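Everything on this sheet refers to the single structure shown next.
Given the structure is predicted, the values throughout are model-derived calculations rather than measurements.
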Amino acid sequence: MKQKSKYVIKVGGVDYSLISDEPYEYVIKIADFVNEKVEKLKKQSTKMSNQMAAVLACINITDEYFKVKKTEDELIRNVVEYTDKIEKLELELAELKEKNNR
């Protein structure tokens, strides 16, 4: 089991304490990613509050995640399908080789 550490990250100008079993560099990478999304949204509308920008960033990040997850699921299905086809073709090839050797 990984050891958990407490980190303080800044998102949208606000400090947040969190506990994670991930390395500090990874946690900072995530915080930087979220900050980029929040700042991009705030630049689009000067009247947008930090909270609203954070919520919209969460929605956008979740949307991206679901799209990537869907693509991943499709790729996994394709790999399984192609693996099944390869196994069937290998069986056919073995049968044909056996018939040919008779």
**Closest approach of Asp21 to Lys2 (non-hydrogen atoms, all atoms of both residues)** = O-CD, 3.4 Å
**Asked** Heavy-atom count around Glu98 CD within 6.0 Å, excluding the residue itself: above 12?
**Response** no
**Message:** Looking at every heavy atom in both Leu41 and Ala53, which two are closest together, and how far apart are they?
**Reply:** CD1-O, 3.4 Å
**Message:** Can you tell me how far apart NZ (Lys97) and CG (Asn101) are? Round to the nearest 0.5 Å.
**Reply:** 9.0 Å
**Separation of Lys6 NZ from Ile19 CD1 (nearest 0.5 Å)** = 6.5 Å
**Request:** Would you indicate whether the side-chain heavy atoms of Ile30 and Glu22 approach each other to under 4.5 Å?
**Result:** no
**Prompt:** Looking at side-chain heavy atoms only, is the closest gap between Ser20 and Tyr7 below 4.5 Å?
**Reply:** yes
**Request:** Please say whether more than 12 non-hydrogen atoms of neighbouring residues, nucleotides or ligands are located less than 6.0 Å from CE in Met52.
**Result:** no
**Prompt:** Between CG of Leu75 and NZ of Lys70, what distance do you get to the nearest 0.5 Å?
**Reply:** 12.0 Å
**Asked** Looking only at heavy atoms, which two atoms of Ala57 and Lys37 are closest? And how far apart?
**Response** CB-CB, 3.9 Å
**Over all atoms of both residues, closest heavy-atom pair of Val38 and Ala54** = CG2-CA, 4.0 Å
**Asked** Do the side chains of Ile9 and Phe33 join up, straight or via other hydrophobic residues, at under 4.5 Å, putting them in one cluster?
**Response** yes
**Message:** With rounding to the nearest 0.5 angstrom, report the CG to CG distance, Asp73 to Asn78.
**Reply:** 11.0 Å
**Prompt:** Are Val14 and Leu56 linked, directly or through other ILVMFWY residues, by side chains that come within less than 4.5 angstrom of each other?
**Reply:** no
**Exam field: side chain Asp63 to backbone Ile59, donor-acceptor pair closer than 3.5 Å** = no
**Request:** Flag yes if more than 12 heavy atoms outside Glu81 fall under 6.0 Å of its CD atom; otherwise flag no.
**Result:** yes
**Message:** Quick one, Lys29 with Glu25, criterion salt bridge (charged side-chain N to carboxylate O under 4.0 Å, His left out). Give me CA distance, side-chain angles, the key distance, then yes/no.
**Reply:** CA-CA 6 Å; Lys29 184 177 180 178; Glu25 294 79 17; over 6 Å; no
**Asked** Which value, rounded to the nearest 0.5 Å, describes the distance between Ile28 atom CD1 and Lys10 atom NZ?
**Response** 11.5 Å
**Item:** Donor-acceptor contact present, side-chain Thr71 to main-chain Lys67, <3.5 Å
**Value:** yes
**Request:** Any chance you could measure Lys42, atom NZ, to Asn35, atom CG, to the nearest 0.5 Å?
**Result:** 9.0 Å
**Asked** Taking all non-hydrogen atoms of both residues, which atom of Val11 and which atom of Tyr16 are closest, and how far apart?
**Response** O-CE1, 3.6 Å
